[in-house]
Amino acid sequence: MRPLLLTGLLLSSSLSAPAGAQSAPATGAATLRLSAPVGTTVEQRMTSTTRLQVSDVTVTARPGATVPQAQLDSLRRAFQSGLGGQTTTVTGKSFTRLAARDAQGRVTLQHTLIQTIPGLPKALTTKITQVLDASGTLKDIKLTSDNPDVNRAYAQMKLDDLLRAADSGGADTRLYGLPLTPGQTREDRQEVALDGLIGGLLGPILQDPEADVDPATLTSTPLAVTGRLTFVGADAAGRLRFTQTGTFGAWETSVKDRAGQPVFRMDVTGGAVDGESLLRPDGLPVSSSLRTRMQMRLLMTMDDVQVSASMTQEQTLTLRQP
């Protein structure tokens, strides 16, 4: 289902930015830095479980159409039973590699995620390449996927949008430079433009000449994310533990047909994120967990009927070394 692909893509960006290890700057205060040798690779196992609850389902005839009530009732029951209480589990492997470090201290990180998704004929592979300067600031990012829809979305996004999306949640590059004092916290707010991302994901529909869709009517509001990262402390092995919490505000996207009637509309009323990360002393990941909860209202037009429903989605994402 394309709306779930969209929201999952937006909220799982924490996978794209492993955190770093400590070093001693001139001030003497230890801060987070990536110190692993070039070529070091960490393999992890990924499990993502998504539970979708559906309520308040209504099915009506689209304006100007006539549909028997018995057919509307049957469609409503089918939609409710097809999605209500649905749980989807995605498994896969994650590889994080420190690919390069230049004389100025710029670091190139490569992250490969291979996911086995129910319903897809083959595994989905996503590759993320990041360049960070000596202070740990994310300067460049490139994302590619073997899924045409996702790859198209990445290709249409501007670099600034990709950078903000990569830093919008999870154990990300905002950790670099964070003082390693137990209880030390960093808070920030990011606003990510979604036009390019949504246009890419809905591209096959928008570009289909037989579809009654007006691409010029596609609109979306920015996604505002507020995050809080906290350093908990180091264990006896020197591994670093962080916690994270965050919220994201309401946002919406919609597109209409050539007559000006809504074809698709998704209103996300808000949500929350929480989790924790454990890092090796050299800065590469040991494990992480992330839980996301959000509520949305969905409207879709299919042939002569319009379907609307309220949805609550909960996703738990874990990464562990084998």
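Because only heavy atoms are used, hydrogens play no part in the values below, and waters and symmetry mates are left out as well, while side chains stay in. Bear in mind the structure is a predicted one, so any value in this text is a computation, not a measurement.
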Side-chain contact test, heavy atoms from C-beta onward, threshold under 4.5 Å: evaluate it for [X] versus [Y] and give yes or no.
X    : Y    : answer
R97  : F95  : no
D257 : F264 : no
M46  : L113 : yes
I141 : L143 : yes
L218 : T253 : yes
D146 : K122 : yes

I would like to know whether N147 and S145 meet side chain to side chain donor-acceptor pair (under 3.5 Å); could you show each step before the answer? CA-CA 5 Å; N147 180 291; S145 172; 5.4 Å; no
Would you say Q80's side chain and V54's backbone share a donor-acceptor pair under 3.5 angstrom?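 At least one qualifying donor-acceptor pair exists.
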Is T185 reaching over with its side chain to a backbone N or O of G183, donor-acceptor style, under 3.5 angstrom?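 Between the backbone of G183 and the side chain of T185 there is a qualifying donor-acceptor contact (under 3.5 Å).
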Minimum heavy-atom separation for A237 and P281, please, with both atom names.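 Nearest heavy atoms, A237 then P281: O-CG, 3.5 Å.
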Please report the C-alpha distance between R293 and T312 in whole Å, then the side-chain angles of each, then the deciding distance to 0.1 Å, and finally whether the side chain to side chain contact (heavy atoms under 4.5 Å, CB included) criterion is met. CA-CA 7 Å; R293 301 172 300 282; T312 298; over 6 Å; no
With R297 via side chain to side chain contact (heavy atoms under 4.5 Å, CB included) - residues at least two apart: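 For R297 the side chain to side chain contact (heavy atoms under 4.5 Å, CB included) partners, ignoring immediate neighbours, are D56, T58, D267, S308, S310.
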Pairs where residues 302-322 contributes a residue and the test salt bridge (Lys or Arg N to Asp or Glu O under 4.0 Å) is met, not counting sequence neighbours: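 Qualifying pairs, neighbours excluded: none.
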Go through Q110 and K127 one step at a time and tell me if the side chain to side chain contact (heavy atoms under 4.5 Å, CB included) criterion holds. CA-CA 7 Å; Q110 294 178 340; K127 295 183 179 180; over 6 Å; no
